[in-house]
2 protein chains.
Amino acid sequence: MREILDIQKQLLPDLVDTMKKRYTILHHIMVSGLVGRRTLAMSVGATERVLRAEVDFLKEQGLIEVEASGMRISVSGRELLERLEPLVKDLFGLTELEERIRSHFGLKQVIIVPGDSDVSPHTKKELGRAGASVLRKLVGEDETIAVTGGSTMAEVAYHLTPATPMKGCWFVPARGGLGESVELQANTIASTMAKKAGGRYRLLHVPDHLGEEAYQSLMQDSHIAEIIAFIRGARIVVHGIGEAMVMARRRKVDPETTESLRRDGALAEAFGYYFDRDGNILHKMPTIGLRIEDIHRMDHVIGIAGGKSKGESIASVLKHGHEDVLVTDEAAAWEVVNRLLS
Amino acid sequence: MREILDIQKQLLPDLVDTMKKRYTILHHIMVSGLVGRRTLAMSVGATERVLRAEVDFLKEQGLIEVEASGMRISVSGRELLERLEPLVKDLFGLTELEERIRSHFGLKQVIIVPGDSDVSPHTKKELGRAGASVLRKLVGEDETIAVTGGSTMAEVAYHLTPATPMKGCWFVPARGGLGESVELQANTIASTMAKKAGGRYRLLHVPDHLGEEAYQSLMQDSHIAEIIAFIRGARIVVHGIGEAMVMARRRKVDPETTESLRRDGALAEAFGYYFDRDGNILHKMPTIGLRIEDIHRMDHVIGIAGGKSKGESIASVLKHGHEDVLVTDEAAAWEVVNRLLS
DNA sequence: AGCACCGGGACAAAAAACGTCCAACTAAGC
DNA sequence: GCTTAGTTGGACGTTTTTTGTCCCGGTGCT
């Protein structure tokens, strides 16, 4: 069922919206018994005229009966509502979830794909597709887009497709190299994205975690300083979100720091920063690439992560309050709202 | 899957059309490899401008890539087409089937609901719903609508809903009473329809099968003559289609006539007439109610019947060539086209 | 270099959607 | 029986969207 809706959404993006609207109206009419146009318009939050068009439609379909004294649901209408129920539950679950998360954290947009990335690889692909799609809609011309590494971001890169405004864009890594496999490096992903989207890219050939002295000396190098300035001038950043401890291990953070993170209750990691449960930044190492102040200045901060296990981490990062767009999956989204309630 | 599409069609009637259109375009682009807008417009049969809007949409969705040299399908697009295939097969199967039957028999409209009425009661309900819907669209104001009996027609009556133009309509039985149960009598159905649709009705209290003398004497009666004239003035008739032998038995036709029908290869029955394989009328008993010449004069002749077993009968009646609209189910429709091929 | 085809910008005409008001009608309360 | 608050459906000007039509600067093939 999800599969079908998913396919249809690609050919008819406002299908769910229209269905949602009409279902809401029909449902309202049913619970109201006998109701008038204006009253109904109020309660579903539509202007009288557009509601009238919808009512005409429902009448045409024989789903409602309308008399001079008001309108009521017909037998067919009641039947349809019943059959619609399971569909709507799926349909609305996600859109409602999106809206709930969006408004609570004050985001611009939330996109939830069905499933759980932890369990199903297909969901992870969907996440990538959704991420690519949102990026495609947000980019302007000749923009610089900073990206991080990770398997989710790799999926996003894979699903990018050429779009005219992207032709002049630069893709750059948000940070230096990590101890991960090549395919998941920010550098690799930036270049993949550029190739897929038909844009250009620049790389940052430095390790991400450095001591203070090494950091200072590297920043002296004019080439490196130049590319870093370029990166920091990006107006769009697309990043993954990870679990703090998992990321610390993967990054080969030294034992003392790891222990310190654990003590402070580190929960999430995003673009090199660690966050606790309340969204506070815990660990601030001298960083090559984007700094948190750069993030705050961005036009579009797009976070992409999914899987039930990442739910808490995502919530922490959102709490920090710099995100604009979140792309996640159903399992993670439920975790996020569950944390809101507790 | 059918279930979902079916529900959606009630809330978004042009969903299938839009999906069909976009699928066709996308598919064309795929098989063409690299193709231009104008060339494509020709081959899918759309004006350049509307195709352009569609292309913009597909580009927006990232399903195609468009360069100065033309457009080609993207990875996502190809993927979508693959996933779309089973859906389209269902979607198009029926619409294609409809068009095939429509054009072959020169009908105005053919509506096919999925399933087999012989097997599933749900399909029969769908048939009724579709029949009611087509009737609702066809009726004008203050019209007379003649209806026959049968279980399918009962289903149509059940699914009728009030519509403003129907308020002034008269529902009348097309023929006299049969030896069937009360619920399936044309009289009963006419009255049910009138109640459901908010119209009025008149009844014909006469047995349908009579000897010549009895017929003549009945026609002398002014009340009966008046109502029969009224019935014959109808401009819309909605009728079921039955298998000849089944109907003969149900009507308690006398053994000799039954044998004669069998000898002549009677296949179908509709509004009291029997048809052979080639659509010729076999048996013409003196009839109370609509005569075949009245049928030919009608504005809208709507035949409604479904079930694999009725396929051949439907084809026979269609062949006679007086039908305007056919409402049937998938199983019957396939039987009809199979007979076209053989 | 020539040519046939390409995408996309531009713009007026046509169509659809929308906001707004009003007349005729209905049900209920008093 | 009358008032009143509520209803539908018609009408109409305005705004928005869609559509038809040209044309311009490119691209790729020959």
Side-chain angles (χ1 to χ4, degrees), chain A residues 12-14 17-18 21-22 25-26 28-74 77 136 140-142 161-168 197-198, chain B residues 12-14 17-18 21-22 25-26 28-74 77 136 140-141 161-168 198:
Chain A
L12 243 97
D14 49 358
D17 293 326
T18 311
K21 184 176 60 182
R22 296 193 170 155
I25 295 174
L26 196 55
H28 256 90
I29 295 177
M30 183 183 70
V31 298
S32 303
L34 182 61
V35 67
R37 200 202 304 149
R38 279 170 270 267
T39 321
L40 187 59
M42 288 300 146
S43 56
V44 300
T47 69
E48 186 194 325
R49 193 58 183 78
V50 4
L51 184 122
R52 186 170 168 180
E54 293 301 329
V55 162
D56 283 347
F57 167 81
L58 292 174
K59 186 173 53 179
E60 192 65 26
Q61 291 294 107
L63 299 173
I64 61 174
E65 300 165 10
V66 30
E67 312 156 25
S69 57
M71 50 203 164
R72 69 176 80 248
I73 197 161
S74 75
R136 193 164 43 232
E141 279 184 24
D142 301 320
T161 48
T164 321
M166 278 199 199
K167 287 291 196 292
Chain B
L12 241 93
D14 49 356
D17 293 326
T18 311
K21 184 175 62 183
R22 296 192 172 156
I25 295 174
L26 195 56
H28 255 91
I29 295 177
M30 183 184 70
V31 299
S32 303
L34 184 61
V35 67
R37 198 205 305 150
R38 282 169 266 265
T39 321
L40 186 59
M42 287 300 144
S43 55
V44 300
T47 69
E48 185 193 327
R49 193 58 182 77
V50 356
L51 185 123
R52 185 169 168 181
E54 293 301 330
V55 162
D56 283 348
F57 166 82
L58 292 175
K59 186 173 53 179
E60 192 66 26
Q61 292 292 108
L63 300 173
I64 60 174
E65 300 165 9
V66 30
E67 311 154 25
S69 57
M71 49 202 165
R72 67 177 82 249
I73 197 162
S74 76
R136 194 165 40 232
E141 279 183 25
T161 48
T164 322
M166 278 201 198
K167 287 291 194 293

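Numbered from 1 within each chain, the chains take letters A, B, ... in sequence-line order.
With sequence neighbours excluded, the residues that form a side-chain contact (heavy atoms from CB on, under 4.5 Å) with A:Ser32 are A:Val35. Under the side chain to side chain donor-acceptor pair (under 3.5 Å) criterion, B:Arg22 pairs with B:Glu54, sequence neighbours left out. Taking the salt bridge (Lys or Arg N to Asp or Glu O under 4.0 Å) definition, one finds that B:Asp14 meets it with nothing, sequence neighbours left out. Applying the salt bridge (Lys or Arg N to Asp or Glu O under 4.0 Å) test to B:Glu60 and every residue at least two apart in sequence or in another chain returns nothing. The salt bridge (Lys or Arg N to Asp or Glu O under 4.0 Å) check on B:Asp17 picks up nothing, with sequence neighbours excluded. Partners of A:Arg38 under the salt bridge (Lys or Arg N to Asp or Glu O under 4.0 Å) rule, at least two apart in sequence or in another chain, are A:Glu48.
When rounded to the nearest whole Å, the span between CZ of A:Arg72 and P of D:dT8 equals 12 Å. To the nearest angstrom, P of D:dT8 lies 13 Å from CG of A:Leu58. When rounded to the nearest whole Å, the span between CD of B:Glu60 and C1' of C:dG7 equals 16 Å. Atom CG in A:Asp56 sits roughly 7 Å away from atom P in D:dG9 (whole-Å rounding). One interatomic measurement links the two molecules: CE of A:Met71 to P of C:dA27, which rounds to 16 Å at whole-angstrom precision. We find that CD of A:Glu48 is positioned 10 Å from P of D:dT7, with the value rounded to whole Å. Rounded to whole Å, the distance from NZ on A:Lys21 to P on C:dA17 is 10 Å. We find that CZ of A:Phe57 is positioned 17 Å from P of D:dG9, with the value rounded to whole Å.
OP1 or OP2 of D:dT8 has not a single side-chain nitrogen or oxygen of A:Lys59 nearer than 4.0 Å.
Rounding to the nearest 0.5 Å places CZ of A:Arg37 at 8.0 Å from CZ of A:Arg49. How far CD1 of A:Ile29 is from CG of A:Leu34: 10.5 Å, rounded to the nearest 0.5 Å. One distance of note links CG of A:Leu51 with NE2 of A:His28; it measures 10.5 Å at 0.5 Å rounding.
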Heteroatom pairs (N/O) under 3.5 angstrom, protein to nucleotides 10-15 of chain C:
none

Report, one pair per line, the protein and nucleotides 26-30 of chain D atoms (nitrogen or oxygen only) whose separation is under 3.5 Å.
none

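Of all the residues in residues 32-47 of chain A, A:Val35, A:Gly36, A:Arg37, A:Arg38, A:Thr39 reach under 4.0 Å from DNA chain D with at least one non-hydrogen atom.
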Which donor-acceptor pairs under 3.5 Å do side chains of residues 61-74 of chain B form with protein atoms, sequence neighbours excluded?
{"from": "B:Gln61", "atom 1": "NE2", "to": "A:Gln10", "atom 2": "O", "distance (Å)": "3.0"}
{"from": "B:Glu67", "atom 1": "OE2", "to": "B:Arg72", "atom 2": "NE", "distance (Å)": "3.4"}
{"from": "B:Ser74", "atom 1": "OG", "to": "B:Gly62", "atom 2": "O", "distance (Å)": "2.8"}
{"from": "B:Ser74", "atom 1": "OG", "to": "B:Leu63", "atom 2": "O", "distance (Å)": "3.0"}
{"from": "B:Ser74", "atom 1": "OG", "to": "B:Ser76", "atom 2": "N", "distance (Å)": "3.3"}
{"from": "B:Ser74", "atom 1": "OG", "to": "B:Gly77", "atom 2": "N", "distance (Å)": "3.1"}

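When side chains are defined from C-beta on, B:Lys59 counts as touching B:Asp56, because their heavy atoms get closer than 4.5 Å.
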